[in-house]
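Computed from heavy atoms alone, side chains included, the values below leave out hydrogens, waters and symmetry copies.
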Amino acid sequence: MESVRAEMVAGVLSLAVEVGEVVEAGQTLLLLESMKMEIPVVPEGRGRVSRVVVSPGDVVQEGDLLVVLDGA
């Protein structure tokens with residue numbers, strides 16, 4: 001299981017995955033926006049999206065949980 005967390009304070013711009021989808025390492029899960037820059041959030045490994053905790057428009061803090069992946 002991989003817990004993908006925010007690396008900085010940012011706004012959630014958009015989601016690129018849905019629960020149940022299998023993703024590869026480096027695939028964009030969602031886009032964050034901070035200081036007018038778009039930051040793609042990517043997993044370290046392959047997995048199936050089991051939970052998406054955020055929605056577009058949410059503001060996240062450093063360390064907040066964004067997405068949970070299970071082994072696929």
Side-chain angles (χ1 to χ4, degrees):
M1 183 170 83
E2 180 180 349
S3 297
V4 181
R5 297 185 176 273
E7 294 183 7
M8 65 188 72
V9 176
V12 178
L13 196 57
S14 64
L15 300 176
V17 295
E18 296 179 356
V19 172
E21 189 173 338
V22 174
V23 296
E24 301 295 331
Q27 180 179 338
T28 299
L29 301 175
L30 57 102
L31 285 176
L32 296 178
E33 191 236 349
S34 180
M35 300 184 336
K36 298 184 182 179
M37 292 177 30
E38 292 183 8
I39 301 112
V41 176
V42 300
E44 292 181 7
R46 184 174 194 268
R48 182 179 309 277
V49 178
S50 63
R51 189 168 162 216
V52 177
V53 182
V54 295
S55 299
D58 289 352
V59 175
V60 296
Q61 304 296 312
E62 183 176 346
D64 282 359
L65 181 63
L66 304 173
V67 177
V68 177
L69 302 176
D70 290 329

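- Residue L15 is grouped with residue L66 when hydrophobic side chains (ILVMFWY) are merged at heavy-atom distances under 4.5 angstrom, including chains of intermediate members.
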Please evaluate residues V42 and L29 with respect to the criterion side-chain contact (heavy atoms from CB on, under 4.5 Å), reporting the C-alpha separation (whole Å), side-chain torsions for both, the decisive distance (0.1 Å), and the verdict. CA-CA 6 Å; V42 300; L29 301 175; 5.8 Å; no

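- In this view, V53 and R51, L65 satisfy the side chain to side chain contact (heavy atoms under 4.5 Å, CB included) rule, not counting sequence neighbours.
- The two residues V60 and A6 have their closest heavy-atom pair at CG2-CB, 3.8 Å.
- The side chain to side chain donor-acceptor pair (under 3.5 Å) check on Q27 picks up nothing, with sequence neighbours excluded.
- In this structure, E2 contributes its side chain and E44 its backbone to a donor-acceptor pair below 3.5 Å.
- Grouping Ile, Leu, Val, Met, Phe, Trp and Tyr by side-chain contacts under 4.5 Å, direct or through others, puts L31 with L13.
- Residues forming a side chain to side chain donor-acceptor pair (under 3.5 Å) with T28 (at least two apart in sequence, or on another chain): none.
- Here the side chains of V12 and L32 are in contact, with some heavy-atom distance below 4.5 Å.
- In this structure, M37 CE and M8 CE are separated by 7.0 Å, a value rounded to the nearest 0.5 Å.
- Identified under the salt bridge (Lys or Arg N to Asp or Glu O under 4.0 Å) test for residues 5-21, with sequence neighbours left out: none.
- Here the closest heavy-atom approach between residue S50 and residue V19 is recorded as O-CG1, 3.9 Å.
- Residues V9 and S34 fail the side-chain proximity criterion, which asks for heavy atoms closer than 4.5 Å.
- For the salt bridge (charged side-chain N to carboxylate O under 4.0 Å, His left out) test, no residue two or more places apart in sequence or in another chain qualifies with E33.
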